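This report refers to the structure that appears directly beneath it.
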Amino acid sequence: MPELPEVETTRRGIEPHLRGQRVARVIVRHPQLRWPIPTDLAAQLTGHVISEVQRRAKYLLLPFAHGQLIMHLGMSGSLRIVPAAQPVKKHDHVDIELSSGQALRFTDPRRFGAVLWQPTDTELHPLLADLGPEPLTDEFNGAYLFERSRGRSAAVKTFLMDGHIVVGVGNIYANEALFSAGIRPDRAAGKISLARYEALAQEVKVVLARSIKQGGTTLRDFVGGDGNPGYFRQQLQVYGRGGEACVICATVLDEVRLGQRSTVYCRRCQR
DNA sequence: ATAATCACCTGCTCGC
DNA sequence: TGCGAGCAGGTGATTA
């Protein structure tokens with residue numbers, strides 16, 4: 001379910017409940033996620049105090065002196081703070097119980113998510129090593145996109161969703177940002193001008209920031225760490241609206257597949 | 001190196 | 001009401 005705004009919403013929701021808490025117990029009910037949960041996870045975490053929750057791309061990180069916990073929500077994952085005694089449901093795979101009596105509960109029906117442990121000794125974890133810049137930093141801008149895209153024939157939407165180029169822009173926000181920037185999603189990335197990439201970078205930042213402010217986009221059942229849904233859905237201009245009227249010019253929005261992902265755009269507003 | 005496809009897994013919606 | 005097909009917020013691995 002989550003793109004960057006949903007992950008950041010989760011981070012902000014859970015951090016106040018985790019900060020300063022000691023891990024009392026770790027329960028792994030279903031270790032088979034995208035990769036197996038390390039068998040020593042409980043041994044690594046139990047008794048240690050959580051200092052903060054960081055985010056890099058769509059990964060949530062709990063740093064400790066002796067290593068870090070890496071979590072990813074995949075397509076359908078969520079993390080919530082619940083009373084440790086709250087009965088579990090079908091897809092509640094992991095509980096990290098805290099000294100407060102609450103637990104951080106990892107739920108993920110499709111199990112595309114991940115819970116990993118990385119000891120401190122090694123360098124950057126391979127999953128984090130080759131990631132592009134964070135979209136909400138100055139490092140990510142039109143000039144950067146322009147430079148990285150030269151010579152590339154792939155569709156600009158696919159390019160924008162490539163985590164090696166920039167992290168955190170998933171299918172929803174790629175569709176939205178391209179609409180706001182007036183760029184057709186299937187245009188070759190290498191043939192777009194600097195000026196248009198400046199607009200695109202700007203719109204990526206705007207749409208992500210706005211969504212974070214509203215607690216993310218709840219499509220099916222996304223809830224932040226506090227259990228509240230996100231309210232950005234009602235502001236989506238193209239995602240999920242194929243066949244409906246463009247909010248700008250009322251032209252019927254086209255829906256096509258690009259790199260196996262549903263892609264919606266206005267053939268009149270986006271060129 | 002880049003591009004396209006596959007794979008992982010469950011649940012839901014749609015059409016018959 | 002039941003059933004198969006297709007699709008869903010991600011992304012590493014594999015293949016040309």
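Sequence lines set the chain letters: A, B, ... in the order given, protein chains first and strands last, and positions in each chain run from 1. These numbers were taken from a predicted model, which means no experiment stands behind them.
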* Asked: Do you see a donor-acceptor pair shorter than 3.5 Å between the side chains of A/Asn171 and A/Lys157?
  ->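 Side chains of A/Asn171 and A/Lys157: pair found under 3.5 Å.
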Would you tell me if any nitrogen or oxygen in the side chain of [X] comes within less than 4.0 Å of OP1 or OP2 on [N]?
{"X": "A/Tyr173", "N": "C/dG9", "answer": "no"}
{"X": "A/Ser153", "N": "B/dA3", "answer": "yes"}
{"X": "A/Ser262", "N": "C/dA8", "answer": "yes"}
{"X": "A/His91", "N": "B/dT10", "answer": "no"}
{"X": "A/Lys58", "N": "C/dG9", "answer": "no"}

* Sort out the partner of B/dC9 for me: Watson-Crick or G-U wobble, both distances under 3.5 Å, none otherwise. =>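 Across any shown strand, B/dC9 pairs with none.
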* **Pairing partner of C/dG9 (Watson-Crick or G-U wobble, both distances under 3.5 Å)** =>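 C/dG9 is paired with nothing.
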* Asked: Within the distance-only criterion (no hydrogens, no angle test), does the side chain of A/Asp95 pair as donor or acceptor with the backbone N or O of A/Glu97 below 3.5 angstrom?
  ->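 No: the side chain of A/Asp95 does not pair with the backbone of A/Glu97.
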* **Under 3.5 Å: donor-acceptor pair, side chain of A/His91, backbone of A/Arg110** =>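 Not confirmed, A/His91 side chain does not pair with A/Arg110 backbone.
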Taking only the side-chain heavy atoms of [X] (C-beta and beyond), determine which of [options] contains the nearest atom.
{"X": "A/Arg152", "options": "B/dG11, B/dT2, B/dC6", "answer": "B/dT2"}
{"X": "A/Glu6", "options": "C/dG9, C/dG12, B/dG11", "answer": "C/dG9"}
{"X": "A/Arg261", "options": "C/dG12, C/dG10, C/dA8", "answer": "C/dG10"}

* **Atom P, compared across B/dC6 and C/dG6: separation rounded to whole Å** =>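 Between the two P atoms, the distance is 14 Å.
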* Side chain proximity check, A/Ile165 to A/Arg152, heavy atoms < 4.5 angstrom ->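 A/Ile165 vs A/Arg152: side chains touch.
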* To do: Name every residue in residues 110-118 of chain A that has at least one heavy atom under 4.0 Å from any atom of DNA chain C, in order of residue number, or write none if there are no such residues.
  =>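 DNA chain C contact set from residues 110-118 of chain A: A/Arg110, A/Phe112.
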* **Residues clustering with A/Ile248 (ILVMFWY side chains joined when closer than 4.5 Å, directly or via others)** =>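 Hydrophobic cluster check, A/Ile248: joined to A/Phe179, A/Val238, A/Val247, A/Leu253, A/Val264.
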